[in-house]
Amino acid sequence: MDKPIIKEIEAKTILSKSNLPVGDYSANPYVGCTHACKYCYASFMKRFTGHGEPWGTFLDVKYWKELKNPEKYKGKDLFLGSVTDPYNPQEEVFGRTRALLTQLKGSGARISIATKSDLVLGDLNLIKSFPHARVSWSINTLDENFRKDMDKAVSIERRLAAMKTFYEAGVCTACFISPIFPGITDVKEIIRRAKEQCHFIWLENLNLRGSYKTVIMDYIREKHPRLLPLYREIYDYKDKSYWSALDAELKSYAAGLGLDYVTNDDSMSRELDAPPVIVNYFYHEEIKKSARKDAMCPGKACTAAAGTKRRGKSHAGTAGN
């Protein structure tokens with residue numbers, strides 16, 4: 001891949017009131033995303049930014065006036081990374097996510113960060129300074145060949161290692177198994193791999209719409225032709241039976257592991273030394289918008305103080321490593 005087109009731009013503001021269920025405000029320190037995920041829903045942003053280049057080949061670096069009154073965000077949920085990864089590789093050069101976190105430090109805001117990167121490790125101490133901070137990593141495969149076909153982010157092992165470091169540092173962590181590719185993503189194996197180093201495991205199915213539906217269907221046709229009839233049933237004929245069956249299967253699997261399994265609700269309070277809760281978001285589009293804020297409330301979920309000592313056999317293999 002050629003080097004992405006990088007531009008530095010002036011932004012009127014960095015925090016925008018959000019209609020998302022995951023926060024009161026959203027922040028995206030960049031426009032575009034050089035992880036270039038083939039399935040990225042955020043590619044729709046191109047039409048609002050004047051970019052004609054293929055998604056993943058450009059990045060606008062935002063600069064904004066320093067927040068004058070960060071204390072006004074006290075107690076508010078701020079979500080970093082709704083339409084970009086706040087830890088794109090270019091964050092190492094431009095540090096715009098770090099700049100925002102630094103401006104917000106001490107404000108009392110609750111932050112939730114979504115990433116596919118381990119650059120977030122450089123901001124661990126800064127993130128720890130926020131009350132009820134939560135960091136999630138997107139992982140939808142343990143197969144590096146498939147991962148390389150789908151995105152240009154860091155390896156799965158590096159994501160898992162970053163998650164473990166945050167977990168052991170007492171920061172609330174989430175493994176976001178998304179998007180689940182029917183017949184490809186081994187959800188059970190990812191749960192098994194991540195369950196000792198996260199507080200939440202979120203499940204989200206692959207949704208295909210817009211321009212990237214053709215991209216993914218062509219990929220399945222070329223690389224996994226045996227799955228093409230299944231994908232046609234799900235994405236051309238809107239058959240939801242695959243997701244219903246997988247939901248039931250994973251619910252049973254979670255019970256066998258002794259893990260809580262809920263649907264569309266991650267507001268359950270978790271102690272930092274408690275096993276993770278699995279949250280199924282297969283049906284999140286069916287939730288009435290007015291109910292979403294209460295059903296999917298980030299930032300309040302992990303209740304023990306940062307640095308709480310791990311207890312119990314289930315964490316013996318990770319604590320203190």
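One is the number of the first residue; the rest follow in order along the sequence. When reading the values below, keep in mind they use all heavy atoms of this one structure, side chains included, and skip hydrogens, waters and symmetry mates.
With Ser252 contributing its side chain and Glu249 its backbone, the two residues share no donor-acceptor pair below 3.5 Å. Between the Lys188 side chain and the Ala254 main chain, no donor and acceptor come within less than 3.5 Å of each other. Between the side chain of Gln197 and the backbone N or O of Met163 there is no donor-acceptor pair closer than 3.5 Å. Judged by distance alone, with hydrogens and angles left aside, the side-chain atoms of Asn280 form no donor-acceptor pair with the main-chain N or O of Leu203 at under 3.5 Å. Asp24 contributes a side-chain N or O that, together with a main-chain N or O of Asp77, makes up a donor-acceptor pair within less than 3.5 Å. Side-chain N or O atoms of Arg147 include one that pairs as donor or acceptor with a backbone N or O of Ala153 at under 3.5 Å. In this structure a side-chain-to-backbone donor-acceptor pair under 3.5 Å is missing from Thr57 to Glu53.
In the hydrophobic clustering of this structure, Val120 does not group with Val61; members are Ile, Leu, Val, Met, Phe, Trp, Tyr whose side-chain heavy atoms approach within less than 4.5 Å, directly or through other members. One hydrophobic cluster, built from ILVMFWY side chains closer than 4.5 Å, holds both Leu228 and Leu230. A chain of hydrophobic side-chain contacts below 4.5 Å, direct or via other Ile, Leu, Val, Met, Phe, Trp or Tyr residues, connects Phe282 to Ile184. Residues Tyr237 and Tyr235 fall into different hydrophobic clusters, defined by Ile, Leu, Val, Met, Phe, Trp and Tyr side chains chained together at heavy-atom separations under 4.5 Å.
Residues Tyr39 and Met150 meet the side-chain proximity criterion, which asks for heavy atoms closer than 4.5 Å. Using a 4.5 Å heavy-atom cutoff, the side chains of Leu67 and Leu15 are in contact. Annotation: side chain of Tyr281 is in contact with side chain of Trp202 (closest heavy-atom distance under 4.5 Å). In this structure, Leu126 and Arg98 have side chains that are in contact, with non-hydrogen atoms separated by less than 4.5 Å. Considering only heavy atoms from C-beta on, Ile113 comes within 4.5 Å of Tyr87 through its side chain. Within the 4.5 Å cutoff, the side chain of Val215 has no heavy atoms near those of the Trp55 side chain.
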Practice problem: Under the side-chain contact (heavy atoms from CB on, under 4.5 Å) rule, what do Tyr212 and Lys38 come out as? Steps first, then yes or no, please. | Solution: CA-CA 7 Å; Tyr212 64 88; Lys38 286 184 171 67; over 6 Å; no
Self-check item: From CA spacing to verdict: side-chain hydrogen bond (donor to acceptor under 3.5 Å, both in side chains), Tyr283, Asn264
Solution: CA-CA 7 Å; Tyr283 315 109; Asn264 294 330; over 6 Å; no
Quiz item: Where do Ile190 and Cys175 land on the side-chain contact (heavy atoms from CB on, under 4.5 Å) test, with the steps shown first?
Solution: CA-CA 9 Å; Ile190 298 172; Cys175 178; 4.0 Å; yes
Quiz item: Checking side-chain contact (heavy atoms from CB on, under 4.5 Å) for the pair Tyr25/Tyr73: CA distance, chi angles, key distance, verdict?
Solution: CA-CA 9 Å; Tyr25 292 85; Tyr73 300 106; 3.8 Å; yes
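The side-chain hydrogen bond (donor to acceptor under 3.5 Å, both in side chains) test applied to Glu189 returns Arg192, not counting sequence neighbours. In this structure Ser138 satisfies the side-chain hydrogen bond (donor to acceptor under 3.5 Å, both in side chains) test with no other residue, sequence neighbours excluded.
The two residues Leu259 and Pro275 have their closest heavy-atom pair at CD2-CB, 3.7 Å. Heavy atoms only, all atoms of each residue included: Gly81 and Ala114 are closest at O-CB, 4.4 Å. Gly32 and Phe58 get closest at one heavy-atom pair: CA-CE1, 3.8 Å. Here the shortest heavy-atom pairing between Ile177 and Asn140 reads CG2-CA, 4.5 Å. In this structure, Leu59 and Cys33 approach most closely via the heavy-atom pair CD1-N, 3.9 Å.
Salt-bridge check for Asp60 with Lys7: failed, with every basic side-chain N at 4.0 Å or more from each acidic carboxylate O. Ion pairing between Glu157 and Arg193 holds under the 4.0 Å rule for side-chain N and carboxylate O. Here Asp143 does not pair with Lys148 in a salt bridge; the nearest charged N to carboxylate O distance is not below 4.0 Å.
Judged by distance alone, the side chains of Thr97 and Asp123 never bring a donor and an acceptor atom under 3.5 Å apart. Of the N and O atoms on the side chains of Glu233 and Tyr242, not one donor lies less than 3.5 Å from an acceptor on the other residue. Looking only at atom types and distance, the side chain of Asp247 has a donor-acceptor partner in the side chain of Tyr261 under 3.5 Å away. With hydrogens and angles left out, the side-chain atoms of Tyr219 and Asp149 include a donor and acceptor closer than 3.5 Å.
Tested against Trp64, the residues Ile9, Thr13, Leu100 include a single side chain to side chain contact (heavy atoms under 4.5 Å, CB included) partner, Leu100. Residue Asp118 is tested with Arg158, Lys164, Arg159 for a salt bridge (charged side-chain N to carboxylate O under 4.0 Å, His left out); the sole match is Arg158. Each of Phe166, Phe176, Phe200 was scored for a ring-ring contact (aromatic ring centres under 6.0 Å, His included) with Trp137, with one residue passing: Phe166. The side-chain hydrogen bond (donor to acceptor under 3.5 Å, both in side chains) with Tyr30 is formed by just one residue from the set Gln90, Arg96, Glu91, Lys62; it is Glu91. The only option from Asn88, Asp85, Thr84, Asp151 that meets the side-chain hydrogen bond (donor to acceptor under 3.5 Å, both in side chains) definition with His35 turns out to be Asp85.
To the nearest 0.5 Å, the span separating CG on Leu208 from CD1 on Ile234 amounts to 9.0 Å. The distance from the CZ atom of Phe94 to the OH atom of Tyr63 is 5.5 Å, given to the nearest 0.5 Å. Taken from CG in Asn125 to CG in Leu101, the straight-line distance is 12.5 Å, to the nearest 0.5 Å. Rounded to the nearest 0.5 angstrom, Tyr231 OH and Lys213 NZ are separated by 13.0 Å. The structure places SG of Cys198 at 11.0 Å from CZ of Arg134, a figure rounded to the nearest 0.5 Å.
Within a 6.0 Å sphere centred on CD of Glu92, other residues, nucleotides and ligands contribute 12 heavy atoms or fewer.
Taking the six-membered ring where the residue is Trp, His224 and Phe146 present perpendicular rings, their angle passing 60° and hence far from 30°.
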